[in-house]
2 protein chains.
Amino acid sequence: MAKYHEIYEDLKGKIEEKEYAAGTYLPSENELMKIYESSRDTIRKSLELLASSGYIQKEKRKGSLVLDVGLISFPVSGLTSFKELEQSSHRYHSKTEVASFLYQHPDSRIQKKLNMDPEGYAFSIKRVREIDGERIILDEDHINAAVIPGLTEEIAADSIYEYIENELKLPIAFARKEITVVRASEEDQRLLDMKGYDLLVCVKSYNFLEDATLFCYTVSKHRPDKFRFVEFSRREKER
Amino acid sequence: MAKYHEIYEDLKGKIEEKEYAAGTYLPSENELMKIYESSRDTIRKSLELLASSGYIQKEKRKGSLVLDVGLISFPVSGLTSFKELEQSSHRYHSKTEVASFLYQHPDSRIQKKLNMDPEGYAFSIKRVREIDGERIILDEDHINAAVIPGLTEEIAADSIYEYIENELKLPIAFARKEITVVRASEEDQRLLDMKGYDLLVCVKSYNFLEDATLFCYTVSKHRPDKFRFVEFSRREKER
DNA sequence: AAGTGGTCTAGACCACCGA
DNA sequence: CGGTGGTCTAGACCACTTT
């Protein structure tokens with residue numbers, strides 16, 4: 001791991017452990033240079049990471065103010081798979097059920113979204129996520145089989161992301177997501193415990209590998225009362 | 001404006017104008033150094049900005065691949081005020097109506113959210129956003145009067161953000177946002193054209209100045225069929 | 001072998017704040 | 001006036017890809 005990344009992790013840990021308390025300042029860049037025995041640039045890279053993830057606020061001529069991370073708590077932002085979410089938040093009894101698993105030429109709409117040839121194959125997988133006995137999320141993944149081969153129902157029941165990253169060693173790099181609200185279809189109603197709701201929060205996501213290959217298009221529908229998305233954002237300067 | 005920021009803007013513009021087409025590579029860092037007559041570090045800072053906002057994907061030992069920005073199109077992400085949104089997206093006939101404007105000691109819930117003394121004053125403002133003749137967004141701002149003085153109903157009808165940044169010269173720096181779905185209250189139903197919906201998308205936002213002062217807590221409720229949020233996110237490496 | 005991006009270092013100047 | 005963070009430069013080595 002790169003040095004600046006180690007320093008970032010170290011500082012992040014110390015902020016989370018309140019070794020550096022919210023409202024106080026981190027040691028100055030000069031002092032950090034000595035503490036970590038590295039150059040200013042390396043220190044600054046670490047601080048930039050901390051700032052962009054909301055741990056500190058840099059104030060000119062004053063220092064790096066530690067922010068109150070208590071409020072962050074539950075970052076669903078970024079690229080997080082269900083399994084990771086499940087592990088990080090302490091949810092009880094979550095379960096994944098594969099509702100359907102197809103390996104086929106996808107319809108033209110999906111072909112287009114995945115930039116595929118008409119002859120190409122794709123996996124089309126529907127999975128129901130059950131949390132605390134309630135079926136509240138329906139995930140629909142369309143995965144280009146030319147990029148991600150060898151998927152099975154067993155893998156889908158566990159974690160597709162884990163398979164891609166750990167088995168195939170393919171680095172997942174970035175995604176474009178869109179959040180809207182849609183009316184629940186009859187199928188949605190059948191597969192999920194809708195508890196009287198007729199709307200679902202719909203998260204559409206285009207997922208890319210490091211070489212910018214689009215490998216997966218996902219539609220994830222959430223029962224409205226169980227959906228929560230949090231974000232930390234900085235205002236762009238100098239517009 | 002800083003040099004690296006200028007280069008960023010220049011490259012961004014050229015990507016948007018398709019001078020650098022999606023799928024091709026930018027000139028290498030070495031070439032960019034010559035083009036912009038600057039050091040490698042400066043170039044790299046610009047490229048980092050482009051990468052983090054989704055314009056390029058850096059590939060080791062290959063170059064900076066230009067991504068298809070067509071898909072980004074409508075970035076509601078980040079810290080965008082309604083007025084800016086209105087100006088950037090070409091919406092017709094949008095209008096803001098101030099439904100209520102109070103200057104008072106806020107109730108204890110709001111006091112707590114804004115970290116205020118019990119003796120402190122706050123502005124509590126409700127605004128209805130009308131787009132194409134439909135009243136679809138209800139904004140509720142609570143603003144610490146000790147930090148942001150002198151607000152009036154006229155300013156609220158225009159743009160509070162503009163007042164803060166341009167009149168008071170206070171730099172708005174970052175926010176924490178949370179998106180959930182809530183049931184519409186009776187008041188919501190009265191103030192908005194609900195078109196049969198009984199749910200609203202609720203965006204809660206804590207807004208901070210550059211010195212990390214929390215100056216504003218906003219609850220923005222959107223009619224579900226008119227809500228859309230898009231995000232570009234990168235997966236964290238090395239966890 | 002040449003070129004790429006990733007990382008790290010050392011040093012410089014600036015504007016501004018607070019003592 | 002000393003210390004701070006913001007910016008910029010010049011140079012170095014690495015691992016790897018492409019030719």
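Chain letters run A, B, ... following the sequence lines, proteins first, then strands; residues in each count from 1. Being a predicted model, the structure only gives us computed values, none of them experimental.
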When you match Glu59(B) and Asp41(A) each to their closest nucleotide on DNA chain C, which lands nearer the 5' end?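 The residue mapped nearer the 5' terminus is Glu59(B).
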Reading DNA chain C from 5' onward, which residue's closest nucleotide shows up sooner: Leu47(B) or Ser39(A)?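 So the residue in question is Leu47(B).
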Regarding the side chain of Lys3(B), the nearest nucleotide among dC8(D), dG5(D), dG6(C) is dC8(D)
The side chain of Lys62(B) lies closest to which of these nucleotides: dC8(C), dT18(D), dT4(D)?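 Looking only at heavy atoms from C-beta outward on Lys62(B), the closest nucleotide is dT18(D).
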Please determine if a side-chain N or O atom of [X] lies less than 4.0 Å away from the OP1 or OP2 oxygen of [N].
X        : N      : result
Thr42(A) : dT9(C) : yes
Ser38(A) : dC8(C) : no
Tyr4(A)  : dT7(C) : yes
Lys58(A) : dG6(D) : yes
Asn30(B) : dT4(C) : yes

Let me know the distance between [atom1] of [X] and [atom2] of [N], rounded to the nearest Å.
X         : N       : atom1 : atom2 : answer
Leu32(B)  : dG5(C)  : CG    : C1'   : 12 Å
Ile43(B)  : dG3(C)  : CD1   : C1'   : 17 Å
Arg61(A)  : dC1(D)  : CZ    : C1'   : 16 Å
Glu210(A) : dC16(D) : CD    : P     : 13 Å
Met33(A)  : dG5(D)  : CE    : P     : 11 Å
Lys60(A)  : dC13(C) : NZ    : P     : 21 Å
His5(A)   : dC8(C)  : NE2   : C1'   : 16 Å
Tyr36(A)  : dT7(C)  : OH    : C1'   : 18 Å

Test item: side-chain donor near acceptor, [X] and [Y], under 3.5 Å:
X        : Y        : result
Asn30(B) : Ser28(B) : no
Asp41(B) : Ser39(B) : no
Glu59(B) : Tyr25(B) : yes
Tyr36(A) : Glu6(A)  : no

Can you tell me whether the side chain of Arg40(A) and the base of dG6(D) have a donor-acceptor pair closer than 3.5 Å? yes
Other residues, nucleotides, ligands: >12 heavy atoms within 6.0 Å of Lys60(A) NZ: no
